[in-house]
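Whatever order the structure lists them in is the order used to number ligands and atoms, beginning at 1. Since this is a predicted model, take the numbers as computed values, not measurements. Values below: all heavy atoms of this structure, side chains included; hydrogens, waters and symmetry mates excluded.
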Amino acid sequence: MTSIPDISLNNGQTIPQFGFGVFQIQPKDTVAAVSTALKAGYRHIDTAEMYRNEAEVGEAVAKSGLDRGEVFVTSKLKNDAHEPDEARQAFEETLKALGTDYVDLFLIHWPLPTRYGGDFVQTWRTLEEFYREGRARSIGVSNFQPHHLRRLHGETDIIPAVNQIEVYPYFTQDEVRDFCAEHQIAIEGWSPLGQGTVLGDPVIRSIAERAGKTPAQVVLRWHIQRGDIVFPKSVTPDRIKENIDIFDFELSAADVEDITLLNKNERLGFDPDKFAGM
Ligand code: NAD
């Protein structure tokens, strides 16, 4: 069985550095995809209320025969439930859909600085309740910029355990990563393959040929060696297995650097300072 490293979070909990993302997997395909992933050795699933497939994630985990404690499950607060009472209700619905009495990690999905009077601080305080109750073993944020994190730091009690942000070779996010490293906030890189857009890059292809690995494996390995937590998505069984098969080789420091130098500050997703939810 592939050995996936654990990352220690700032609250003493650990998280598998590699997992499976289920964004854009249709509910009807989710049980099969997550089951394939769990059979292939994945032990960390990243879902969200807005992905509408939490129930199917829970079903696949329950059917796997693994103990609940063997699988790290993350979900995220939907954008239209940032008010404390709505957030409490949404969190209840997450637990019910997943069929579990706790999540390993619960995140504010987007800071939404132009909605709710920009008050993501009160939303964070509501997540702190879930953490104190033990119903979220860790809490964190997603798509937060250093200035959002500074506000949480100044006005709340608990430092986010993670910040889940877009990271891939054309968008290396060095500023946010450096800030989070300084404040013991682990980075989770979303869209780690750039949704497939970097796989034809000549630099990545040539490193892959030399390593005897695929471009996807090289890019995922690059993330792992930079220390980020990643969870690529696929519904194709061969790709699900290919993506986890990255723990038997290493990139040289020069290869890691060459991939990092591909950065073009090219965001695929929304700008967190402007995004107002959908
Ligand atoms: P990704 O970078 O994981 O790319 C997925 C796509 O890459 C697949 O649809 C497929 O087309 C291709 N692919 C996957 N494996 C491949 C392989 N081995 N060879 C060739 N092509 C391959 O993109 P993603 O799904 O957007 O991101 C991964 C996860 O990150 C999501 O599922 C979700 O859990 C999370 N995410 C979070 C946010 C957020 O705002 N917090 C936003 C987007 C994604």
Side-chain angles (χ1 to χ4, degrees), residues 15-27 29-30 33-34 36-37 40 42 44-54 56-57 72-79 103-112 120 139-145 148 160 162-173 176 180 186-201 204-205 208 213-224 228-246 259 266-278:
I15 180 171
Q17 194 184 359
F18 184 84
F20 188 64
V22 297
F23 176 45
Q24 289 175 329
I25 302 187
Q26 297 303 314
D29 300 326
T30 304
V34 173
T36 301
Y42 291 67
H44 165 183
I45 313 293
D46 184 87
T47 184
E49 291 170 355
M50 290 190 292
Y51 302 169
R52 298 174 189 276
N53 54 20
E54 289 171 303
E56 291 76 12
V57 167
F72 190 103
V73 178
T74 300
S75 194
K76 317 184 190 87
L77 181 68
K78 57 187 173 186
N79 289 332
V103 285
D104 295 280
L105 178 62
F106 196 66
L107 310 179
I108 299 181
H109 207 145
W110 287 89
L112 307 179
F120 50 78
I139 50 173
V141 294
S142 180
N143 299 302
F144 274 47
Q145 300 296 295
H148 303 131
V162 311
N163 186 16
Q164 183 177 126
I165 53 171
E166 180 181 346
V167 186
Y168 76 108
Y170 296 164
F171 192 50
T172 54
Q173 291 266 38
V176 187
C180 288
I187 290 290
E188 297 191 324
W190 62 253
S191 293
L193 300 172
Q195 295 169 359
T197 57
V198 290
L199 302 180
D201 186 281
I204 292 168
R205 291 188 77 88
K213 287 284 181 180
T214 67
Q217 289 171 325
V218 163
V219 172
L220 294 170
R221 187 70 214 175
W222 169 79
H223 287 281
I224 295 291
D228 292 352
I229 300 157
V230 284
F231 24 80
K233 168 253 173 183
S234 177
V235 288
T236 311
D238 284 348
R239 286 179 172 175
I240 293 173
K241 290 176 204 145
E242 171 188 331
N243 291 345
I244 197 176
D245 184 18
I246 55 168
I259 298 173
E266 198 169 278
R267 216 186 254 295
L268 293 170
F270 299 109
D271 179 342
D273 278 316
K274 298 192 181 127
F275 183 56
M278 326 184 66

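Ligand 1 has no nitrogen or oxygen under 3.5 angstrom from a nitrogen or oxygen of Phe231. The shortest N or O to N or O distance between Phe23 and ligand 1 is below 3.5 Å. Close N/O approach between Pro192 and ligand 1 is found [any backbone or side-chain N/O within under 3.5 Å]. Here's the thing with Asn143: one of its N/O atoms is less than 3.5 angstrom from an N/O atom of ligand 1. At a 3.5 angstrom cut-off on N or O pairs, Ala216 does not count as close to ligand 1. Considering backbone and side-chain N/O atoms, Lys76 never comes within less than 3.5 Å of an N/O atom of ligand 1.
Ligand 1 lies nowhere less than 4.0 angstrom from a heavy atom belonging to Tyr168. In this structure, His109 has a heavy atom closer than 4.0 Å to ligand 1. Phe20 does not count as a contact of ligand 1, since none of its heavy atoms falls under 4.0 Å from the ligand. Judged by the shortest distance from any of its heavy atoms, Gly269 lies outside the 4.0 Å radius around the atoms of ligand 1.
Checked by atom type, the side-chain pair Tyr170/Asp201 shows a donor-acceptor distance below 3.5 Å. Side-chain N/O atoms of Ser75 and Glu49 include no donor and acceptor closer than 3.5 Å. Asp104 and Thr74 form no side-chain donor-acceptor contact under 3.5 Å, judged by distance and modelled atom types alone.
Residue, atom and distance of the protein heavy atom nearest to atom 2 (O) of ligand 1 are Leu193 N, 2.8 Å. From the protein, the heavy atom lying nearest to atom 42 (C) of ligand 1 is Trp190 CD2, 3.2 Å. Looking only at heavy atoms of the protein, atom 24 (P) of ligand 1 is closest to Ser191 OG, 3.6 Å. The protein heavy-atom contact nearest to atom 11 (O) of ligand 1 is Arg239 NH1, 4.1 Å.
Proximity to Asp46 (heavy-atom distance under 4.0 Å) selects the following atoms of ligand 1: 33 (C), 34 (O), 35 (C). Ligand 1 places these atoms under 4.0 Å from at least one heavy atom of Trp110: 40 (O). For ligand 1, the atoms closer than 4.0 angstrom to any heavy atom of Pro232 are 3 (O). Which parts of ligand 1 touch Gly194 is read off a 4.0 Å heavy-atom cut-off, strictly below it: atoms 2 (O). Heavy-atom proximity to Gln164, at under 4.0 Å, picks out these atoms of ligand 1: 35 (C), 36 (N), 37 (C), 38 (C), 39 (C), 41 (N).
Note: Trp110 CH2 to Asn79 CG = 8.0 Å, rounded to the nearest 0.5 Å.
Under 4.0 angstrom from ligand 1, the non-hydrogen atoms of Lys233 come from both its backbone and its side chain. Contacts with ligand 1 closer than 4.0 Å are made by side-chain heavy atoms of Asn243 only, the backbone lying farther away.
No side-chain heavy atom of Leu77 sits under 4.5 Å from any side-chain heavy atom of His109. Between Phe120 and Phe144 the shortest side-chain heavy-atom distance falls below 4.5 Å. In this structure, the side chains of Val219 and Pro215 stay at 4.5 Å or more apart for every pair of heavy atoms.
By the 30° and 60° cut-offs, the orientation of the rings of Tyr42 relative to Phe18 is tilted. Ring geometry, Phe171 versus Tyr168: the interplanar angle falls from 30° to 60°, so the pair is classed tilted. Relative orientation of the Tyr51 and Phe23 rings is tilted, given thresholds of 30° and 60° on the angle between their planes.
One finds a salt bridge joining Asp46 and Lys76 here, because a Lys/Arg side-chain nitrogen approaches an Asp/Glu carboxylate oxygen to under 4.0 Å.
In this structure, His44 has its ring center closer than 6.0 angstrom to the ring center of Phe231.
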Between Ile187 and Val162, does the side chain to side chain contact (heavy atoms under 4.5 Å, CB included) criterion hold? Intermediate values first, please. CA-CA 6 Å; Ile187 290 290; Val162 311; over 6 Å; no
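The heavy atom nearest to atom 20 (C) of ligand 1, considering only Val167, Val198, Leu199, Thr214, is found in Leu199. For atom 4 (O) of ligand 1, the nearest non-hydrogen atom from the set Lys241, Glu188, Gln195 belongs to Gln195. Selection from Gly196, Pro272, Gly189 by nearest heavy atom to atom 7 (O) of ligand 1 gives Gly196.
Shown here for Ile240 and Ala37, the closest heavy-atom pair between the two residues is CG2-CA, 3.7 Å.
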